[in-house]
Amino acid sequence: MNLYAVWAIYKFEMARTFRTLMQSIASPVLSTSLYFIVFGTAIGSRMGDIDGVSYGAFIIPGLVMLSLLSESISNASFGIFFPKFSGTIYEVLSAPVSAMEIVIGYVGAAATKSVTLGLLILLTAQLFVDYHIQHPLWMLAFLVLTAITFSLFGFIIGIWADDFQKLQVIPLMVITPLTFLGGAFYSISMLPEPWQTLTLFNPVVYLISGFRWAFYGVADVNVAVSLGMTLVFLLICLSIVWWIFRTGYRIRT
């Protein structure tokens, strides 16, 4: 493996983040902090516990996952789309760099940004809500695994998109609604049938449920199922990326 090439792509993408700290880091943290203030402190203080956890603490995993999914997709999709848009993708394709090294560089940088953002949001949450993490290693594992999976998904979107508008279609029209309907602000056990059963077809439910279990030991879905669904989605994304590079789909357009 050409580690110098991987490092060059990774360093370039990370440097772009440090040049746009307000947009890349400060803005998502501030937006999520507003959720903590409104839902965690103001509204949460007037609501009862859910599964023995205060409402303000209960929504923390969901809010972190909301930011993690959107930022992972955004970082990775823009990272590969802009070289296509500007034409600099030909420099990468003509260099002695394999498809795997390109993916590791771009996806690795996007996942690093997302994990960093998730950890910063967790630190910020301490200012507004008192919470604890029962399984910190599992929490970190779910955080990293989700960041890598959705960074791969964002990489796919960036290759598929042929204009800036398409970069926002799936994150805004699909991922954000699925996250809000996936138990970010409530337990799906609170839903009446048939909505409770229908919600299980939402893949984001398994991500939020597994992540919340790592915090409080409570989950809407068995944690093994949550982990399994996350791994399945990761394998699907890897398969699509492999197919893209094998066929050259839209890489040069």
Side-chain angles (χ1 to χ4, degrees), residues 9-36 39-40 59-83 103-125 139-161 164-185 202-208 210-212 214-215 230 233-234 237 241:
I9 296 173
Y10 180 88
K11 186 168 67 171
F12 177 82
E13 287 298 300
M14 292 303 295
R16 181 165 58 84
T17 300
F18 293 120
R19 290 195 302 269
T20 58
L21 281 177
M22 291 298 294
Q23 178 183 350
S24 302
I25 302 296
S27 179
V29 171
L30 178 61
S31 299
T32 309
S33 297
L34 294 176
Y35 280 109
F36 290 136
F39 289 96
I59 65 174
I60 287 176
L63 290 176
V64 173
M65 196 60 66
L66 176 64
S67 297
L68 190 70
L69 300 187
S70 60
E71 291 301 315
S72 294
I73 293 175
S74 176
N75 290 329
S77 60
F78 184 82
I80 189 61
F81 173 80
F82 191 75
V103 172
I104 292 175
Y106 281 110
V107 173
T112 300
K113 300 175 200 176
S114 300
V115 170
T116 302
L117 179 62
L119 294 175
L120 286 174
I121 291 174
L122 286 176
L123 290 175
T124 305
M139 184 279 292
L140 189 60
F142 271 107
L143 190 71
V144 173
L145 189 60
T146 303
I148 293 173
T149 301
F150 278 83
S151 293
L152 276 169
F153 187 47
F155 187 86
I156 295 168
I157 293 174
I159 291 177
W160 164 76
F164 283 98
Q165 183 177 347
K166 283 188 177 181
L167 286 179
Q168 302 299 322
V169 170
I170 294 180
L172 293 179
M173 301 296 291
V174 179
I175 300 301
T176 299
L178 286 179
T179 305
F180 275 92
L181 297 173
F185 295 96
N202 180 353
V204 180
V205 166
Y206 302 93
L207 302 175
I208 296 176
F211 197 52
R212 183 171 286 134
F215 278 74
T230 306
F233 191 42
L234 174 61
C237 290
V241 169

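Not measured: the values here are computed from a predicted model. Throughout, residue positions are numbered sequentially from 1 according to the sequence presented. Hydrogens, waters and symmetry mates play no part in the numbers below; they use all other heavy atoms, side chains included.
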Could you walk me through whether Thr124 and Leu30 pass the side-chain contact (heavy atoms from CB on, under 4.5 Å) check? CA-CA 9 Å; Thr124 305; Leu30 178 61; over 6 Å; no
Pairwise distance OG1(Thr176) to CG(Leu69) - rounded to 0.5 angstrom: 8.5 Å
Measuring only between side-chain heavy atoms, which start at C-beta, is Lys113 closer than 4.5 Å to Glu13? yes
Can you measure from CG (Leu143) to CD1 (Ile148) and round to the nearest 0.5 angstrom? 10.0 Å
Tell me, which pairs form a side chain to side chain donor-acceptor pair (under 3.5 Å) where one or both residues lie in residues 65-74, sequence neighbours left out? Thr32-Ser67, Ser72-Ser114
Is the ring pair Phe185/Phe180 parallel, tilted or perpendicular, if the boundaries are 30 and 60 degrees? parallel
Ile157 side chain near Ile80 side chain, heavy-atom distance below 4.5 Å: no
Smallest separation among heavy atoms of Leu178 and Asn202, with atom names: O-ND2, 2.8 Å
So do the side chains of Ile121 and Leu68 get within less than 4.5 Å of each other, counting heavy atoms only? no
Interatomic spacing from OG1 in Thr230 to CZ in Phe142 - rounded to 0.5 Å: 5.5 Å
Specify the closest pair of heavy atoms between Phe150 and Ile175, including all atoms of both residues, with the distance to one decimal. CE2-CD1, 4.2 Å
Calculate, to the nearest 0.5 Å, the distance between atoms CZ and OG1 belonging to Phe153 and Thr146 respectively. 13.5 Å
Test side-chain contact (heavy atoms from CB on, under 4.5 Å) on Ile170 and Ile73; report intermediate values, then the result. CA-CA 9 Å; Ile170 294 180; Ile73 293 175; 5.5 Å; no
CD1 on Ile156 to OG on Ser77, rounded to 0.5 Å: 11.5 Å
Heavy-atom closest pair (Leu172 atom, Pro177 atom, distance to 0.1 Å) is O-CD, 3.3 Å
Search all heavy atoms of Phe211 against all heavy atoms of Met139 and return the closest pair with its distance. CE1-O, 3.5 Å
pair Pro83-Tyr106: side-chain heavy atoms closer than 4.5 Å: yes
Which atom pair, heavy atoms only, marks the closest approach of Met65 to Ile208? CG-CG1, 3.9 Å
With rounding to the nearest 0.5 angstrom, report the CD1 to CD1 distance, Ile104 to Ile9. 9.5 Å
